[in-house]
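Below: one structure, written as structure tokens.
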Amino acid sequence: ADSGDAELELSSVRHQPEGLEQLLAQTKFTKKELQSLYRGFKNECPSGLVDEETFKLIYSQFFPQGDASTYAHFLFDAFDADRNGALCFQDFVVGLSILLRGTVHQKLKWAFNLYDINKDGYITKEEMLEIMKSIYDMMGRCTHPTLRDSAPAEHVELFFQKMDRNGDGVVTFEEFLETCQK
């Protein structure tokens, strides 16, 4: 029975993410939830790291009708907090915690970061257009009614009319936050 206990203990250790206590403090997940997320993560990514190509493959499965690769690239960048080109479990679970259980402010900060492609603290029309095009590509051509090719640019114009409060051609986080909260 002793060797069985030791084996059971070992198998439960393998399903513990590194720095579990730190992740409990950093996220809004319970210990059980973190263990379950970790099992799923390790199942998909046995190495413990997800590179961008793997992330794109996984994400594209959710959008078989379109091309999700560009949007997945932007999403990958938003999750890759330390900007090292790979997602570890911590990157993934911290982002997920914000998206699922973060405050409105945290979620909006995360969304702003997604749109701010070059991470300079501003969203430009060019950045917004890149994201919009990637969303339309991801949704595919099977939308009803069929979207015009000018739809992404029209979307960006509407976004800027609402968001760019001082009309300087860029959207700051403060402008983004203020408009979204209204």
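In this text the structure is predicted, and so the values were computed from the model without any measurement.
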With a 4.5 Å heavy-atom cut-off, do [X] and [Y] have their side chains touching?
| X | Y | answer |
| --- | --- | --- |
| Lys119 | Arg83 | yes |
| Thr179 | Leu177 | no |
| Leu114 | Asp116 | no |
| Tyr71 | Tyr59 | yes |
| Val171 | Tyr122 | no |
| Leu20 | Leu34 | yes |
| Lys125 | Glu157 | yes |
| Met138 | Asp67 | no |

[X] versus [Y], closest heavy-atom pair with distance:
| X | Y | value |
| --- | --- | --- |
| Gln90 | Leu23 | CG-CD2, 3.7 Å |
| Gly102 | Lys28 | CA-NZ, 4.0 Å |
| Ser150 | Glu154 | OG-OE2, 2.8 Å |
| Asp80 | Asp91 | OD1-OD2, 4.0 Å |
| Phe160 | Ile123 | CZ-O, 3.4 Å |
| Ser69 | Lys56 | O-CE, 3.3 Å |

Within a reach of under 6.0 Å around [atom1] of [X], are more than 12 heavy atoms found that belong to other residues, nucleotides or ligands?
| X | atom1 | result |
| --- | --- | --- |
| Lys107 | NZ | yes |
| Lys32 | NZ | no |
| His73 | NE2 | yes |
| Lys162 | NZ | no |

Can Lys42 be said to sit on top of Phe89's aromatic six-ring, NZ or CZ under 6.0 Å from centre and within 45° of the ring axis? no
Hydrophobic cluster membership, [X] vs [Y], 4.5 Å side-chain cutoff:
| X | Y | answer |
| --- | --- | --- |
| Val104 | Met163 | yes |
| Val170 | Val156 | no |
| Leu49 | Leu57 | no |
| Leu99 | Leu37 | yes |
| Leu96 | Phe62 | yes |

Please check if the side chain of Gln106 supplies one atom and the backbone of Thr103 the other of a donor-acceptor pair under 3.5 Å.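 Side chain of Gln106 to backbone of Thr103: a pair is present.
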Please answer whether the main-chain N or O of Thr172 pairs with a side-chain N or O of Glu175 as donor and acceptor at a distance below 3.5 Å. yes
Listed partners of Phe92 passing ring-ring contact (aromatic ring centres under 6.0 Å, His included), at least two apart: Phe41
Partner set under ring-ring contact (aromatic ring centres under 6.0 Å, His included) for Phe76, not counting sequence neighbours: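 Once residues adjacent in sequence are excluded, the partners of Phe76 under the ring-ring contact (aromatic ring centres under 6.0 Å, His included) criterion are Phe55.
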Sidechain N-carboxylate O distance under 4.0 Å for Arg101, Glu33: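 A salt bridge is present here (some side-chain N lies under 4.0 Å from a carboxylate O).
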Does a salt bridge link Glu174 with Arg165, judged by any charged N lying under 4.0 Å from a carboxylate O?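 Salt bridge between Glu174 and Arg165, a charged N being under 4.0 Å from a carboxylate O: no.
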Tyr115 and Phe159 aromatic ring geometry - parallel, tilted or perpendicular at 30°/60° bounds: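 If you compare the ring of Phe159 with that of Tyr115, the planes turn out tilted.
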For Glu130, which of Thr124, Thr70, Ile135, Ile117 qualifies under side chain to side chain contact (heavy atoms under 4.5 Å, CB included)?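 The single option meeting the side chain to side chain contact (heavy atoms under 4.5 Å, CB included) with Glu130 is Ile117.
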With no hydrogens and no angle check, do the side chains of Thr54 and Asp51 hold a donor and an acceptor under 3.5 Å apart?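 Per modelled atom types, Thr54 and Asp51 side chains form a pair under 3.5 Å.
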Are Phe112 and His105 an aromatic pair, judged by ring center distance below 6.0 Å? no
